[in-house]
Structure formats: C-alpha cells, structure tokens
Number of protein chains: 2
Amino acid sequence: MVRAGLTAERLTRAGAELADEVGFDQVTVSALARQFDVKVASLYSHVKSSQDLKTRIALFALAELADRVAEALAGRAGRDALAAFANAYRYYAKEHPGRYAAARLRLDPETAAASAGVRHAQMTRAILRGYDLSEPDQTHAVRMLGSVFHGYVSLETAGGFDHTPVDPQQSWAWIIDSLDALLRHQAATS
Amino acid sequence: MVRAGLTAERLTRAGAELADEVGFDQVTVSALARQFDVKVASLYSHVKSSQDLKTRIALFALAELADRVAEALAGRAGRDALAAFANAYRYYAKEHPGRYAAARLRLDPETAAASAGVRHAQMTRAILRGYDLSEPDQTHAVRMLGSVFHGYVSLETAGGFDHTPVDPQQSWAWIIDSLDALLRHQAATS
DNA sequence: GCCGTTTGCCTAAGCCTTGTAGGCGCTGCA
DNA sequence: TGCAGCGCCTACAAGGCTTAGGCAAACGGC
C-alpha cells in the first residue's frame, strides 16, 4: 500500500485550499480525508480534532496575510502605506475567501497571543506613525481602521454591495481618501 | 398525549433565544427538539430543513433589529441620528449576540430582497440626508458607515479589543465623532 | 354526539461527521 | 536480515440531518 504522506502541515495547506474552494465552514475532517484518498481516522494521528484542524488553518492564514501586508507596507508611509495596507487585506480576501474567513476564527487568548495576529496589530500601529497621533487617539484610530477594513471586506464578500450600481472599487478609494483626511485632521488638532 | 404546540414562528423565536445562549452556529434542529421535549422529526413539519430554520432566525433578527433602529432614529437628525443608529446596532449585538450573528447569515438574493435588510439600507441612507451628500458620495458613505459599524461590533464581540487597556466605549464615541466630522466636511466640499 | 378529515407528533431507518481503540504491514535503521 | 515504530487501516459509538410512513388527537359538518 502506498502511503499518502500525511503531515499536519500538508493537511493545513490542503484545508486552506479547500476552504477557498468550498468555504471555511465546509472544511471537515471527512472532506480532507477524501481529498487525500485516505480513511478519516488516519487524519487523527496528525491533528487532534476538527477544531484543531481549523485552528491550524486560521493560524496559517493569519501568518500568510501578515506576510502579504508586511510586503505591501515595505518602504511606504502616510497615505501610501494606508492604501497599501487596506488593499493587502481586500485583495487577500478576494483571492482567498476561505482563508480570510479562517483568519477571523475566534482563538483562545494564549493561541491568539502566539499568533501572527500580534503582527497585524503592530503593523496597524505602524501605519499610524505617519499621522503622529498620541494615545488614546492612536488606539481609537487602530480600532477604527480595523473596523472599516474588516467590515468592508466582510460586507463586500457577503455580496452586500451587489444591489447598488456603484463600483465597489470607487467606494473603496473614497473611503481610503476619507480616512487619510480624517487622520491628518485628527493629528493636526490633537 | 399532550401536543407541544409547535409552530414555525415559535420554533424561530426559540431558536433565536437559543442562539443568544449558546451561539448561532450551535442552533441545531436536535437542540431545538430537546427544548420542546419533542422528537427531532416532528420539527420537519414546520421547517423544511436546518438551513430553513437558520434562515427564519436570520429574518426574524433582521426585522427585530430594523425595528430597534427605526425606533432609535425617530425624531433625530444629523449627529444625533448617527449616534442613535450606531448605538442601536451595538447594543443589539451586545444584548443578542446570537441574533446579531444570525442577521449576518448570507441569504440568497430573492430572500434578501424580501427581508428587512432593505429597511436597514433605507435607514442608513436616511441618516445621510442630514449631511446633504450627492451621489455617488452618498453610496460611498452608506458603505463606509455599514463597514465601520458592522466591523466594530464584529471585532468587539470577537474579543478583538480585549488586549488594549482603552475603554471600547471611548473608542466608539471617538469614531462616531470622527465620522460625523468627516461627513460634514465631505458635504461642505462636494 | 358521531364520523371523516386533517393535523401533529411519532417510530424507523439511512446517511454523514466526529472521535476512540486497537491492529497490521511497510520503512528505515542496526 | 531482523525488528521497532510509524502510518494508515478496520471497527465502532455517538450525535446531527432528513425522509417515509403510521397512529391518534382535534376539528368541522351533520
């Protein structure tokens, strides 16, 4: 019998791809076993549970997304950095909807603390360095940026903008411009 | 044998309450049957499937939330209306996390078109009447408001703000103020 | 009040997914 | 070449979804 060469890492990658194809919540141990043409029980030597598998995919997606964002941010500042940051998220969600959904999985605190989520927070703060905000405004701004970008991507992916004949790309650009203006104004008055 | 008095509507309400208690994705036909002390198959006379049940709960939550928002908006305009609108969403999500999650369920286009989601869109536009924006800026602004509020509530509910010692209520107020300023400024320059 | 119809919930059964326990053969190393 | 351990297997239990078909309570007409 030919061995399938299962690994936690290979299962995680395949799970991420499967998520992009059929949706993150359709990723099951059974479906993954079928992909590898292997019996379901065999997977349990590599992942502890269905929950464990999903957590691994989430961590993988978080790290991959953080890499993309970091690359997009390199050498940029101010409005440029803001737009690059925003676009990195939006494009990732478009390209990998299942992985993006996975990255939104709720993690328990210690897992989250050890995840690439920390890098995401750092990078968001890094963008704001270009706007010279002091605390607590900086934290407010971090939360606002996170909310807008996640909210927009989430609504757009869910088809929430399909019923108005205005190009989502235009709205996206408008929002980034608005946020840039807002942050510059805030910096000036704080 | 005493009849349990099952109805699609009663099942939907009970499902909504169950969602608030254990999470929307933990709402199953089986769990609901246990609540009514009835066999699982009995529910299938009232709802077509598990998916149908979830859709009904989603529609119920959307309508309830729209009612809350409408009530909050009554007699308000401008910044006042913006804050009331935002708070209605945030408080609903805090009070009924399961129902809020249900309201985010992706509906097929015709179901969505017949849902209270339409009222949500109308009310968001109504708020912007106080800012005198012309198209397409108005649509951009609608999308931005939807993104911020949904994004914030979503991140806050998911515990995303737990690791920074800044009161989320303060950030929320800051964001509403910022959006108000932003919209007023946009109106002035458009 | 009686009877037929409708309604409401039931039993039974099949299929899918998750998860555990234990077995057997292939692989790699001595 | 022998054998230890790894990698995948079979078997099984529990729980969720769904359909088919049955029986009895409720209801409406007479």
Side-chain angles (χ1 to χ4, degrees), chain A residues 1-61 98-99 101-102 105-108 111, chain B residues 1-61 98-99 101-102 105-108 111:
Chain A
M1 170 198 313
V2 176
R3 298 202 171 178
L6 301 182
T7 311
E9 192 180 346
R10 288 190 63 195
L11 289 173
T12 304
R13 280 179 189 281
E17 282 162 26
L18 186 58
D20 287 336
E21 287 164 24
V22 302
F24 182 56
D25 40 341
Q26 302 302 315
V27 175
T28 67
V29 184
S30 302
L32 212 47
R34 279 193 292 272
Q35 292 240 328
F36 281 90
D37 202 21
V38 136
K39 297 298 171 180
V40 181
S42 308
L43 271 62
Y44 283 85
S45 311
H46 305 280
V47 298
K48 279 202 293 291
S49 64
S50 179
Q51 186 56 46
D52 179 40
L53 171 66
K54 284 176 182 163
T55 301
R56 284 172 189 270
I57 297 172
L59 293 175
F60 172 79
R99 301 184 197 191
L105 183 69
R106 186 156 191 179
L107 303 173
D108 55 289
T111 308
Chain B
M1 166 198 317
V2 176
R3 298 201 171 179
L6 301 182
T7 312
E9 193 181 344
R10 289 189 63 194
L11 289 174
T12 303
R13 280 179 188 281
E17 282 162 27
L18 186 58
D20 286 336
E21 288 163 25
V22 302
F24 182 56
D25 40 340
Q26 302 302 315
V27 175
T28 65
V29 184
S30 302
L32 213 48
R34 279 192 293 272
Q35 293 239 329
F36 281 90
D37 201 22
V38 136
K39 298 297 171 181
V40 181
S42 307
L43 271 61
Y44 282 84
S45 311
H46 305 281
V47 298
K48 280 202 292 291
S49 64
S50 179
Q51 185 57 44
D52 178 40
L53 172 65
K54 285 177 180 162
T55 301
R56 283 171 189 272
I57 296 172
L59 294 174
F60 172 79
R99 300 183 197 191
L105 184 68
R106 186 158 190 178
L107 304 172
D108 54 288
T111 307

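Order of the sequence lines fixes the chain letters, A, B, ..., with proteins taken first and strands second; residue numbering starts at 1 for each chain.
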With sequence neighbours left out, the residues meeting side-chain hydrogen bond (donor to acceptor under 3.5 Å, both in side chains) with B:Ser49 are none
With A:Thr111 via side-chain hydrogen bond (donor to acceptor under 3.5 Å, both in side chains) - residues at least two apart: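 Partners of A:Thr111 by the side-chain hydrogen bond (donor to acceptor under 3.5 Å, both in side chains) criterion, ordered by chain and then number, come out as A:Asp108.
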How would you list, by chain and number, every residue that makes a side chain to side chain contact (heavy atoms under 4.5 Å, CB included) with B:Ala101, sequence neighbours excluded?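 B:Ala101 satisfies side chain to side chain contact (heavy atoms under 4.5 Å, CB included) with B:Phe24 only.
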Under the rule for side chain to side chain contact (heavy atoms under 4.5 Å, CB included), what residues qualify as partners of A:Arg13, not counting sequence neighbours?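 Here the qualifying residues are A:Glu9, A:Phe60.
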Considering only C:dG19, D:dT10, D:dC17, which nucleotide approaches the side chain of B:Ser50 most closely?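 So the side chain of B:Ser50 is nearest to D:dC17.
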Considering only D:dT18, C:dT11, C:dT18, which nucleotide approaches the side chain of B:Ala41 most closely? C:dT11
Nearest-Å distance, [atom1] ([X]) to [atom2] ([N])?
{"X": "A:Asp52", "N": "C:dG19", "atom1": "CG", "atom2": "P", "value": "10 Å"}
{"X": "B:Leu43", "N": "D:dG15", "atom1": "CG", "atom2": "P", "value": "18 Å"}
{"X": "A:Leu32", "N": "C:dC16", "atom1": "CG", "atom2": "P", "value": "18 Å"}
{"X": "A:Asp37", "N": "D:dG7", "atom1": "CG", "atom2": "C1'", "value": "15 Å"}
{"X": "B:Leu6", "N": "D:dA25", "atom1": "CG", "atom2": "P", "value": "17 Å"}
{"X": "A:Lys39", "N": "C:dT18", "atom1": "NZ", "atom2": "C1'", "value": "16 Å"}
{"X": "A:Tyr44", "N": "D:dT10", "atom1": "OH", "atom2": "C1'", "value": "16 Å"}
{"X": "B:Leu11", "N": "C:dG8", "atom1": "CG", "atom2": "C1'", "value": "12 Å"}

Once rounded to the nearest 0.5 Å, what's the spacing between atom CG of A:Leu105 and atom CD of A:Gln51?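 Reported value, rounded in 0.5 Å steps: 6.0 Å.
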Got a second to check how far B:Leu32's CG is from B:Ser42's OG, nearest 0.5 Å? 11.5 Å
Considering just the side-chain nitrogens and oxygens of [X], establish if one lies under 4.0 Å of OP1 or OP2 belonging to [N].
{"X": "A:Arg34", "N": "C:dT17", "result": "yes"}
{"X": "B:His46", "N": "C:dT7", "result": "no"}
{"X": "B:Ser42", "N": "C:dC10", "result": "yes"}

Summary of side chain to side chain donor-acceptor pair (under 3.5 Å) pairs that have at least one residue in residues 14-34 of chain B, sequence neighbours excluded: B:Asp20-B:His96, B:Asp20-B:Arg99
Short of 4.0 Å, heavy atom to strand atom, which residues of residues 18-30 of chain B count as contacting DNA chain D? B:Thr28, B:Val29, B:Ser30
